[in-house]
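What follows is a set of notes on a single structure, which appears directly below.
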Amino acid sequence: MSDWLEVGDRVFVRRYAFYDQNIGVVLGEEGVLLVDTRTTHRHAREVRDDLRALTSRPVSVVIDTHGHSDHAFGNHVFRPAPIWGHVRCVTMLRETGERQRARLIEHMPDMADDLREIEIDPPDHTFTDRATVEIDQGGRAVELRYLGRGHTDNDICVVVADAHVVFAGDLLENGATPYFGDGFPLDWPRTVERLTGIIDGPVVPGHGDVADRAFAERQHAEFVTLVALARQVHGGEAALEDAVRRAPYPVSTAREPLERALAQLRGELSGFAPPDPA
Ligand SMILES: [Zn+2]
């Protein structure tokens with residue numbers, strides 16, 4: 001009995017209740033590619049144990065879709081496997097990793113011991129626009145694509161072309177308001193538009209149900225609406241409270257996305273604007 005969902009030929013997703021998170025696996029002839037590593041070493045070891053339902057082989061290559069704790073803090077458990085991520089995923093983990101850990105300990109004191117034992121271990125294989133990662137000598141490979149800023153400045157997607165599956169990381173989130181706290185709301189619609197263009201089968205969001213291209217298009221439309229509302233507030237044509245009510249998210253969660261978009265409109269977001277990907 002396995003709780004892995006096969007979403008394409010030897011491409012699996014397992015959904016973990018903690019953060020309603022999706023972890024991906026692509027099997028090669030011998031190699032095992034893992035997409036994201038969860039928040040703690042305990043969580044990562046759980047993934048490693050759960051993998052026994054699919055293969056007796058160890059993880060041979062890891063992808064971090066971005067530098068948030070729930071996607072990268074389990075990395076160290078899978079060493080000595082090479083770990084791939086965007087070059088700014090490394091920056092994010094180096095510059096904000098301890099802050100992310102401190103915030104988690106503050107919000108989840110019950111998990112403090114697990115959170116303290118994490119060895120933050122950023123990717124050692126990086127790229128800027130795209131990279132091809134071979135799973136093993138058997139010829140199976142995935143393509144990593146950076147499509148622009150969105151949920152962070154370092155989101156990548158994992159394209160398993162031979163199985164028509166795309167792992168979208170947190171560029172898409174199903175069943176909950178996307179997290180905008182480190183996001184670039186003004187860039188996000190165009191990035192998801194690019195993403196939508198390469199979806200030709202199941203798309204796996206970082207959190208929530210496995211979805212499809214129509215879902216990505218709906219989420220794109222929501223990002224467009226959010227930006228339009230923020231521009232109205234920024235231009236003095238609407239009150240923030242009015243925009244919160246009209247936003248495409250529940251009222252209780254719509255303020256953060258709007259405030260983040262307003263901050264970007266005011267030029268307040270830190271970091272540089274990377275060039276558009278090729
Ligand atoms: Zn995230």
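Whatever order the structure lists them in is the order used to number ligands and atoms, beginning at 1.
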_Geometric class of the H207/H71 ring pair [parallel <30°, tilted 30-60°, perpendicular >60°]_ =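 Ring orientation, 0 to 90° scale: perpendicular.
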*Using the ring of each side chain (for Trp, its six-membered ring), is F12 parallel, tilted or perpendicular to W4, with breaks at 30° and 60°?*
perpendicular
*Does F184 have R260 sitting over its ring (NZ/CZ under 6.0 Å from centre, angle to axis within 45°)?*
yes
*What protein atoms of element N, O or S are positioned under 2.8 Å from the Zn ion (ligand 1)?*
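Listed by chain and number: H66 NE2, H68 ND1, H151 NE2, D170 OD2.
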_Determine whether a donor-acceptor pair (N or O, by modelled atom type, separation under 3.5 Å) exists between the side chain of Q264 and the backbone of L186._
yes
*Which pairs with one or both residues in residues 217-235 pass salt bridge (Lys or Arg N to Asp or Glu O under 4.0 Å), sequence neighbours excluded?*
R213-E217
*asked:* Under 4.0 Å between a side-chain nitrogen and a carboxylate oxygen: does that hold for E106 and R103?
replied: no
